[in-house]
Amino acid sequence: MMVLHPPNPIPMNTSLVGTRISKPKNPIKGWCSYYAFGTEINETIILNQVHALQKNNLSAFEYILLDEGWNTTWGDWLEVDKTKFPSGLKQFAKKITSLGCKPAIWIAPFLVSPNAQIVIDHPDWFIRKNGKFVKGLHMTSFDHYLPFNKYMLDIKNKQVQIYLAQVIQWLIVDCGFELIKLDFLYANHFVPDRTDEEADRLLRQFLLLIKKKYPKVYVLGCGSPLIPAIGAVDGMRIGPDTLTPHVQSIPWLATFTNKKRYKNVMINLKTRRWTNIFWNTDPDVFICRDGYGLSHEKLIDFQQHILKLKGNIFLGDDMTTLSEEKIKTYIHPFLLKK
């Protein structure tokens with residue numbers, strides 16, 4: 001156990017002074033679906049990745065993370081997309097486990113698509129201002145004009161708390177997922193007239209309830225304010241997505257955005273490395289496929305900075321398409337890290 005006295009530049013939250021936090025779980029390795037397939041995933045695609053990892057002696061990347069696209073829409077977290085996962089999440093997770101891997105899953109607990117059934121059934125669960133739904137997705141300065149805006153659940157609402165508890169229990173207990181990635185955790189901090197202190201408290205309460213009830217499950221925070229998550233998550237994303245899947249079909253745009261994101265990722269790898277005293281730092285996925293746009297030298301630099309980070313390591317390529325040379329050059333060095 002250690003007493004929390006974080007160094008600058010993070011300001012101290014008075015509600016956390018003197019908090020005692022346990023040593024983080026060991027760093028993990030895995031593969032994430034989002035960066036190779038976006039939301040276009042299904043059982044066959046994911047299982048093919050598991051077989052490819054094993055074929056290439058990469059079984060150490062044991063967590064298989066089902067990212068966005070597994071359910072019908074954001075917010076309806078109890079509704080799996082049966083066209084993609086016809087056997088259901090429970091049976092799918094069992095298949096992953098039977099292959100010697102650990103099933104992992106992504107959700108954005110506080111954000112809901114406008115067309116979700118939960119909006120129709122429980123309109124009183126959402127943050128509103130002047131009678132209108134408040135949008136909670138804040139990614140770019142153009143979000144207001146983009147079609148992927150989301151509504152915000154009010155986590156002060158007791159019924160919302162019960163619903164989210166049911167979702168977490170279903171995924172972990174009923175389905176058997178061993179890692180849960182909680183994304184866009186900052187949403188609660190954009191509620192009008194809600195102070196940062198109150199938003200921190202509500203988020204921390206949510207995370208600690210999960211950690212206390214499911215201590216063996218790996219909790220990965222993403223898009224989160226850092227202070228309220230200290231001692232409440234096992235891993236924390238410390239930077240932006242490595243790439244944006246939605247633009248990869250446009251070569252010139254993909255190359256431009258990938259290089260820009262690479263620079264931002266590298267900055268965060270260097271400036272937020274010290275936060276590994278609180279959790280396993282997570283730099284997002286490593287990518288080396290053709291068309292990514294980075295030179296051999298930059299890929300090696302990326303690889304080495306991830307190794308120096310001594311945190312989580314996730315892969316983001318379609319593992320069925322990587323050449324033996326790429327796997328040997330760029331992936332195998334990660335196996336030396338315990």
NZ/NE/NH1/NH2 to OD/OE distance under 4.0 Å, E43 and K95
yes
Are Y214 and L208 co-members of a hydrophobic cluster defined by side-chain heavy atoms under 4.5 Å apart?
no
Less than 4.0 angstrom from a charged side-chain N to a carboxylate O is my criterion; do E178 and K216 meet it?
no
Hey, is D174 close enough to K90 for a salt bridge, meaning N to O under 4.0 Å?
no
For the pair F61 and F334, name the ring-plane relationship: parallel under 30°, tilted 30 to 60°, perpendicular over 60°.
perpendicular
If you group Ile, Leu, Val, Met, Phe, Trp and Tyr by side-chain heavy-atom gaps below 4.5 Å, do V134 and Y186 land in one group?
yes
Under the ring pair (Phe, Tyr, Trp, His ring centres under 6.0 Å) test against W106, which residue among W74, F184, F177 passes?
W74
SB check K326 D290 (cutoff 4.0 Å)
yes
Under a 4.0 Å threshold between the charged nitrogen and the carboxylate oxygen, would R237 count as salt-bridged to D284?
yes
Of T257, I287, D301, the residue whose pairing with Y262 passes side chain to side chain contact (heavy atoms under 4.5 Å, CB included):
D301
Nearest 0.5 angstrom please: W77 CH2 to T72 OG1, how far?
9.0 Å
Atom CG in L307, atom CZ in F286: separation rounded to 0.5 Å?
9.0 Å
What distance do Q49 atom CD and L53 atom CG have between them, rounded to the nearest 0.5 Å?
7.0 Å
Group every Ile, Leu, Val, Met, Phe, Trp and Tyr by side-chain heavy-atom contacts under 4.5 Å, then state whether I267 and L309 land in the same group.
no
For K94, is the NZ atom crowded, meaning more than 12 foreign heavy atoms sit under 6.0 Å from it?
no
Testing L111, I118, V119 one by one against Y151 for a side chain to side chain contact (heavy atoms under 4.5 Å, CB included), which residue passes?
V119
